[in-house]
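First the structure, in the form of structure tokens, and then the observations on it.
Predicted model, so just to flag it, every value in this text is computed and none were measured. Keep in mind that the numbers below use all heavy atoms, side chains included, and drop hydrogens, waters and symmetry copies. The chains referred to below are lettered A, B, ... by the order of the sequence lines, with proteins before strands, and numbering in each begins at 1.
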Amino acid sequence: MSNESSANPQSPAAMRSMDDIVALCRRRGFIWQSSEIYGGINGFWDYGPLGVELKRNLKEAWWHDIVRCPGKGPDGNLIDMVGVDCTIIMNPKVWEASGHVASFADPMSTCSKCGNSVRADHIWEVLSTQCAWLDSLLQEFEHFTGRIDAGHLMRWARGKGKHKAPNLALVRNPEVTLTWLSERINDQPNNPPDMKELVQYIATEQFAATGLQTPCPLCGGEMSEARAFKLMFESHAGLSQTEDNKVYLRPETAQGIFTQFWNVVDTSRVKVPFGIAQVGKAFRNEVTPRHYTYRSREFEQMEIEFFIRPDQAAEWYAYWRDARYNWWKSIGLAGDNLQLREHDREELAHYAKEGAGVCDIEYRFPFTAPGFGELEGVAHRADYDLKAHATACGKGDKLRYFDQERNERYFPHVIEPSAGADRGTLALLCEAYTPDSNRPSGVYMKFHPRLAPIKAAIFPLVNKDGMPEVAEKLYMQLRQKWNVQIDVKQNIGKRYARMDEAGTPYCFTIDSDTLNDQTVTVRHRDTLQQERIGLDKVAAFLSEKIGG
RNA sequence: GCGGGUGUAGCUCAGUGGUAGAGCGUCACGUUGCCAACGUGAAUGUCGUGAGUUCGAAUCUCAUCACCCGCUCCA
């Protein structure tokens with residue numbers, strides 16, 4: 001990212017370069033690399049003293065607004081929401097039922113010449129739709145009559161083919177390759193090869209040794225056997241390490257909620273519509289962890305599974321989509337950097353094709369700009385998960401939810417707002433980062449006061465004349481309710497500057513007037529303005545500005 | 001996984017084969033009278049890591065790790 005910031009220091013992007021944000025996060029103790037003294041580990045990040053407060057504030061704001069005080073739904077009734085906290089390691093059958101074991105092990109094929117990797121089940125689609133050299137080859141056969149013309153192939157191999165598919169067997173060694181192909185045609189004159197087989201023949205040099213090969217869509221080289229990438233972390237529960245006790249670290253928190261759905265219904269007096277919320281770690285063996293904490297291998301989710309009557313999916317989907325978008329706005333991500341994006345039908349996941357919709361709430365991170373990156377997804381998952389678990393555990397329709405009012409049984413549909421706590425924290429950091437050449441620190445963190453890691457700082461103007469004693473008394477009082485800091489060292493400007501970089505919204509300074517008239521100055525982070533308020537009014541001031 | 005780039009103190013960087021440095025920051029003491037002031041002093045380095053070449057390597061070579069960029073991936 002050093003290129004990004006140095007390339008064009010005048011551009012708006014450079015004003016908010018990721019490099020500078022990362023540097024501040026490190027310098028002030030928001031985020032560090034995991035195991036940094038050993039060189040770090042790709043895809044894992046730690047939160048420092050300020051970072052942990054910020055992330056906790058985000059999770060607590062979410063829990064407060066979602067579980068404790070969720071507001072009214074589209075039906076005008078108060079929303080019913082309860083929380084759970086499920087384990088990271090679950091019975092492996094959970095992941096078979098959810099489809100993760102199958103879909104998280106997408107077999108990949110790699111080109112032995114150029115190293116290009118393609119999903120094995122997509123390779124023919126890629127070859128037929130996005131392959132430049134195959135397009136070029138097929139143009140040679142525009143007037144293709146059904147007869148395979150070795151002369152045509154040879155001419156292409158020695159001309160265009162050399163540039164477009166240098167590693168294709170036909171290009172490297174056309175004589176041998178065409179020998180195998182003509183043998184095939186002569187052996188079975190009544191069964192000419194179809195397009196797929198033809199493409200495999202021209203990709204094959206050592207037919208006797210290797211059998212038919214599949215060519216690389218980029219360079220024509222041979223693609224390797226498909227091998228599975230394990231996208232779920234694996235471990236073993238028990239001392240021996242065998243297939244029998246293999247377990248997975250959960251790749252999402254949602255499945256804990258689904259598997260406990262029936263216990264919640266039986267014990268919590270909730271009835272549809274209602275929601276179950278959970279905050280917790282999830283793990284994915286991402287191929288390429290990138291962009292600071294944005295795509296990590298260990299991350300934290302804040303998920304709601306909201307259970308509804310199937311016929312009410314559309315209105316609840318719309319409700320959660322708007323509620324969640326507005327929530328992110330309310331904690332300080334207002335403006336052009338936040339957007340709501342409905343998915344096209346084509347990009348929908350398998351469980352959502354027929355649903356009321358899927359959307360992402362996206363933030364314009366410096367590394368995605370001018371594009372956006374996902375903060376939260378809101379998806380109508382229909383009854384896919386509850387049904388899958390009901391079937392997999394062998395109880396099937398017996399696990400349908402009984403709707404007393406309507407006297408009917410059904411599997412509730414699910415609207416799932418699933419947010420990333422680490423991505424949210426990163427967005428808050430990026431949004432807060434505000435360069436300001438007029439202040440000593442050169443930058444300040446403009447956190448919404450509700451999310452700010454430190455709510456207020458208490459400073460004696462000088463470290464004598466009874467000021468420290470007054471400051472300490474105020475500090476002892478305020479810290480019972482808020483995360484506040486006291487600092488008596490060094491000059492006042494330096495202390496303000498430090499608080500600017502920590503994003504502390506208010507500083508209370510005790511000076512000589514305090515000793516006479518029992519007032520303190522309040523210094524506002526964003527405006528640098530100061531006002532005087534009574535020493536006994538400080539707690540009320542914070543309550544009004546921050547809550548709590 | 002592929003290709004390109006980067007890696008020296010907390011930060012910004014200097015050091016191109018011969019004693020590892022500066023500024024800022026941090027800490028201590030003094031001072032202080034509202035925005036990184038001043039004075040004195042102090043601490044802080046596996047020169048990303050590991051090998052190799054060399055009498056001698058931060059410097060040259062190779063490997064490796066981490067980060068950044070572009071592909072790829074993103075259920």
query = Donor-acceptor pair under 3.5 Å: do we get one between Y496(A)'s side chain and the base of C34(B)?
reply = yes
query = Whole-Å distance between G7(B) C1' and Y38(A) OH?
reply = 20 Å
inquiry  = Pick the closest RNA chain B nucleotide for E286(A) and for H524(A) by heavy atoms, then say which residue is nearer the 5' end.
reply    = H524(A)
key: N/O donor-acceptor pair, side chain T521(A) with base C34(B), under 3.5 angstrom   = yes
ask   = Contact class for E374(A) (heavy atom, under 4.0 Å): base, sugar-phosphate, or nothing?
value = nothing
query = What is the pairing partner of A14(B), taking Watson-Crick or G-U wobble pairs with both distances under 3.5 Å in any strand?
reply = none
request  = Give a yes or no answer on whether the side chain of T434(A) reaches the backbone of A432(A) with a donor-acceptor pair at less than 3.5 Å.
outcome  = yes
request  = Say whether, by atom type as modelled, one donor and one acceptor occur between the side chain of K55(A) and the main chain of A421(A) under 3.5 angstrom.
outcome  = no
ask   = Does any donor-acceptor pair link the side chain of R498(A) with the base of G25(B) at a separation under 3.5 Å?
value = no
message = Check this for me: does any side-chain nitrogen of one of R495(A) and D500(A) sit under 4.0 Å from a carboxylate oxygen of the other?
response = no
message = Closer than 3.5 angstrom, by distance alone: can the side chain of Q213(A) be matched with the main-chain N or O of A203(A) as a donor-acceptor pair?
response = no
inquiry  = So, applying salt bridge (Lys or Arg N to Asp or Glu O under 4.0 Å) with E362(A), which one of R324(A), R341(A), R423(A) is it?
reply    = R341(A)
ask   = Got a donor-acceptor pair under 3.5 Å from the side chain of Q530(A) to the base of C34(B)?
value = yes
key: Under 3.5 Å on both distances, the Watson-Crick or G-U partner of G52(B)   = C60(B)
request  = Just call it for G377(A): base, sugar-phosphate, or nothing, with non-hydrogen atoms closer than 4.0 Å on any strand.
outcome  = nothing
query = Hey, does N42(A) reach any base, or is it just sugar-phosphate, or nothing, if we go heavy atoms under 4.0 Å?
reply = sugar-phosphate
inquiry  = Would F541(A) and Y506(A) count as a ring-ring contact (aromatic ring centres under 6.0 Å, His included) here? Give the steps.
reply    = CA-CA 10 Å; F541(A) 175 90; Y506(A) 306 105; 5.2 Å; yes
ask   = Is the side chain of T514(A) donor-acceptor paired with the backbone N or O of T519(A) at a distance under 3.5 Å, no angle test?
value = yes
U59(B) versus A43(B) - spacing of their C1' atoms, nearest Å = 28 Å
request  = Can you tell me, in whole Å, how much space there is between the P of A57(B) and that of A20(B)?
outcome  = 11 Å
inquiry  = Does R523(A) contact C34(B) through a side-chain donor or acceptor facing the base, at a distance under 3.5 Å?
reply    = no
query = Expressed as a whole number of Å, how far does the C1' atom of C35(B) sit from that of G30(B)?
reply = 22 Å
ask   = Which comes earlier along RNA chain B counting from the 5' end, the contact point of R297(A) or that of N438(A), where each point is its nearest nucleotide?
value = N438(A)
message = Please give the distance between the P atoms of U53(B) and G10(B) as a whole number of Å.
response = 32 Å
request  = Considering only atom P, compute the distance from U16(B) to U31(B) and round it to an integer number of Å.
outcome  = 45 Å
ask   = So which nucleotide does C2(B) pair with, by the Watson-Crick or G-U wobble rule with both distances under 3.5 Å?
value = G70(B)
ask   = Has H291(A) got a side-chain N or O lying under 4.0 Å from the OP1 or OP2 atom of C69(B)?
value = yes
key: Sugar-phosphate, base or nothing in reach of M499(A), heavy atoms under 4.0 Å   = nothing
note = Minimal heavy-atom distance between V414(A) and E305(A), with the atoms involved, is CG1-OE1, 3.1 Å
ask   = Base, sugar-phosphate, or nothing for Q529(A), non-hydrogen atoms under 4.0 angstrom?
value = nothing
request  = Could you check how far CG of L231(A) sits from P of G1(B), rounded to whole Å?
outcome  = 13 Å
Listing time: all N or O pairs from protein to nucleotides 9-13 of chain B that are below 3.5 Å?
{"unit_1": "G10(B)", "atom_1": "O3'", "unit_2": "R26(A)", "atom_2": "NE", "d": "3.3"}
{"unit_1": "G10(B)", "atom_1": "O3'", "unit_2": "R26(A)", "atom_2": "NH2", "d": "3.3"}
{"unit_1": "C11(B)", "atom_1": "OP1", "unit_2": "R26(A)", "atom_2": "NE", "d": "2.6"}

request  = In sequence, state the C-alpha distance, the side-chain angles, and the governing distance for R381(A) and E252(A), and then conclude on salt bridge (Lys or Arg N to Asp or Glu O under 4.0 Å).
outcome  = CA-CA 14 Å; R381(A) 290 176 75 127; E252(A) 63 175 26; 3.6 Å; yes
query = Say you pick atom P in A58(B) and the same atom in C71(B); how far apart are they, in whole Å?
reply = 38 Å
query = In terms of the angle between their ring planes, are F30(A) and F447(A) parallel, tilted or perpendicular, with boundaries placed at 30° and 60°?
reply = tilted
key: Watson-Crick or G-U wobble mate for A42(B), both contacts under 3.5 Å   = U26(B)
What nitrogen or oxygen pairs link the protein and nucleotides 30-32 of chain B at under 3.5 Å?
{"unit_1": "U32(B)", "atom_1": "OP2", "unit_2": "K464(A)", "atom_2": "NZ", "d": "3.0"}

inquiry  = Can you identify which nucleotide, out of G33(B), U26(B), C35(B), has its nearest atom closest to the K494(A) side chain?
reply    = U26(B)
task = Check whether the side chain of D500(A) and the base of C35(B) form a donor-acceptor pair under 3.5 Å.
result = no
remark   = When rounded to the nearest 0.5 Å, the distance separating CD of E234(A) from CG of L249(A) is 9.5 Å
task = Please state how far atom CG in L528(A) lies from atom P in C35(B), giving the value in whole angstrom units.
result = 11 Å
